[in-house]
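The structure under discussion appears below in the form of structure tokens.
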Amino acid sequence: MATPKAAPKLSDISVKFTEDTLDEIVRSAGGKRCTGWKIHDFDLTKGDAYLSEVYRIQLTGEPTEAGAEPLVVNAFVKSIPKNVGRRNTFRSADFFRNEINFYNVVLKELYSFQEKRQPKNPYQDIGRCYVAYSDGVNDFIAMEDLGQFGFGTASRAQGIGMKECLQCLRSLGRFHALSLALKHQQPETFRTIVDTVQETYYSASLESWYRNFMQRLVAISKDALEIESTTNADEFPAEFKAAVLSFLESNIYQTMVDLTHARNQNSLITHGDCWLPNFLLRSDSVRLVDFQMVRYGSPALDIILFVYTCTDRTMRLEGYEQLLTAYYQSCSELLLDLGTDPQAVFPRTELTRELERFGRFGCGIAVESIPLSLLDETEVPDLDKIEGTEALPLEQVMTVRNIKTSAGRRRLLDVFRHAYDCGYLQ
């Protein structure tokens, strides 16, 4: 007979996640103190969370008003991995610190600014953070569990349609509008929040950590290009192949560093990792989650990352301009609602220029994300089996192979083809 599984303890989340933390969550949700709690079982597909461990917990709280019903608070908690080798290999502490700074500093300032401006249609597409803690070893973030309101992730296998993509880009446009308006109306305040945002993935100091893994990814892309351009020369002609090879044979990581660190009048607070799992969908609305890669940079970085990871060739061919228009209109509407003239600070021509300058960022994202997304679950590493405390080379942990199917290879090349047709690879 199997040994019954022990009931989860608060310390399973973090030694710093205590009963005092539960009281703080309840107070943040509008109650007095926590009177009971239960950690729920939570199934997670292997590979869904490299940087964190996740939990769902339901709290019962004493209400602030005498005689009122007990308060029920459903929280979603991310904590830093207990496995030290995993934590150090994936630099989890950097990502937790960045996300906690986003909730505790950046978002508070953005929402405070919005509250003062009193827009008719305020931006509310980010769930509440109840409490967060960071010391690099025991970090956690406790947030409102949006699943209780009917929000959920789209199926990775089925993807999303045009309606959902439009919803996501409208939400993204409004998120960008908040920081762009703050930047132009209160530049000193904006500079203080920018100073708390750290580039967590593309930095010259991290190239040695990433270099060998990128070389393997480039080899996979070259293999896909060679096979498909040989068997489908009419679809992937010589001039296209030459342009892609030129990109692949450049220092892609340095290109990504340059693109994420470039600054101009359009730079703003971006999400940084807006692929499908980080948009929670409901029939009438969207919620953005996971701000571990939040950065200060071009709005085009978020837009092109979303388009190249969340849409297929047909949607891009038929609806790319429609998607950009949805993004721009929603951004402009909130800018105006906040008291900033979009034609003065971010006309549509500027969005076009940003995409022309930063669009190849999406190709760098595709080189990594598509081979990883095509991994069989049996090929996804069990990160908690990493032994020791030292960080391992990324390529030693993340084993990726040449793409086996024509459909998978074409999915990658279709990103390059769209970028090539738009002039982003020039």
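Predicted model only: the values in this text are computed from it and were never measured.
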Side chain to side chain contact (heavy atoms under 4.5 Å, CB included) assessment of T153 paired with L281: CA-CA 6 Å; T153 56; L281 304 172; over 6 Å; no
Salt bridge (charged side-chain N to carboxylate O under 4.0 Å, His left out) between E226 and K241, intermediate numbers included: CA-CA 8 Å; E226 183 61 32; K241 182 178 179 180; 2.8 Å; yes
Is any side-chain heavy atom of [Y] closer than 4.5 Å to one of [X]?
X: F140; Y: Y55; value: no
X: N212; Y: R216; value: no
X: L335; Y: E333; value: no
X: L178; Y: Q114; value: yes
X: V367; Y: V415; value: no
X: F291; Y: I269; value: no
X: Y201; Y: L206; value: no
X: R360; Y: L259; value: yes

T189/E109 under side-chain hydrogen bond (donor to acceptor under 3.5 Å, both in side chains): CA gap, chis, key distance, verdict: CA-CA 8 Å; T189 301; E109 284 291 354; 5.3 Å; no
[X] (side chain) donor-acceptor with [Y] (main chain) under 3.5 angstrom:
X: N88; Y: E390; answer: no
X: N83; Y: I386; answer: yes
X: T405; Y: G408; answer: yes
X: N98; Y: V294; answer: yes
X: T89; Y: A391; answer: no
X: D302; Y: G272; answer: yes
X: T389; Y: V84; answer: no
X: S171; Y: C168; answer: no
X: R91; Y: T200; answer: yes
X: D139; Y: D135; answer: yes

May I ask you to decide whether [X] forms a salt bridge with [Y], counting only side-chain N to carboxylate O separations under 4.0 Å?
X: E321; Y: R348; result: yes
X: D145; Y: R56; result: yes
X: K78; Y: D290; result: yes
X: R353; Y: E350; result: yes

Exercise: identify the closest heavy-atom pair between [X] and [Y]:
X: R128; Y: S28; value: NH1-O, 3.1 Å
X: R409; Y: I403; value: NH1-O, 3.1 Å
X: L338; Y: A177; value: CD1-O, 4.2 Å
X: E354; Y: P299; value: OE1-CD, 3.8 Å
X: T340; Y: Q185; value: OG1-NE2, 2.7 Å
X: L305; Y: F361; value: CD1-CE2, 4.1 Å

Once you round to the nearest 0.5 Å, how far does [atom1] of [X] lie from [atom2] of [Y]?
X: S179; Y: Y123; atom1: OG; atom2: OH; value: 10.5 Å
X: N74; Y: Q148; atom1: CG; atom2: CD; value: 4.5 Å
X: N278; Y: D273; atom1: CG; atom2: CG; value: 5.0 Å
X: H184; Y: L268; atom1: NE2; atom2: CG; value: 9.0 Å
X: M214; Y: N251; atom1: CE; atom2: CG; value: 8.5 Å
X: E368; Y: S221; atom1: CD; atom2: OG; value: 10.5 Å

Working for side chain to side chain contact (heavy atoms under 4.5 Å, CB included), residues L225 and F240: CA-CA 10 Å; L225 177 64; F240 165 78; 4.1 Å; yes
Validation row, ring centre Y327 to ring centre F175 under 6.0 Å: no
Full working for side chain to side chain contact (heavy atoms under 4.5 Å, CB included) between F149 and E144: CA-CA 10 Å; F149 305 119; E144 191 174 41; 3.7 Å; yes
Verdict with supporting geometry, S369 and W275, side chain to side chain contact (heavy atoms under 4.5 Å, CB included): CA-CA 10 Å; S369 64; W275 67 311; over 6 Å; no
For F358, all residues meeting ring-ring contact (aromatic ring centres under 6.0 Å, His included), sequence neighbours excluded: none
Worked check of side-chain hydrogen bond (donor to acceptor under 3.5 Å, both in side chains) between R316 and T311: CA-CA 7 Å; R316 290 191 290 270; T311 68; 3.2 Å; yes
Residues, nucleotides or ligands: over 12 heavy atoms within 6.0 Å of K82 NZ: yes
Neighbour count >12 (heavy atoms, 6.0 Å) for atom CD, E239: yes
Under 3.5 Å, which donor-acceptor pairs link side chains of residues 417-426 to any protein atom two or more places apart or in another chain?
from, atom 1, to, atom 2, distance (Å)
R417, NH2, D414, OD1, 2.6
H418, ND1, Y308, OH, 2.8
Y424, OH, Y320, OH, 2.7

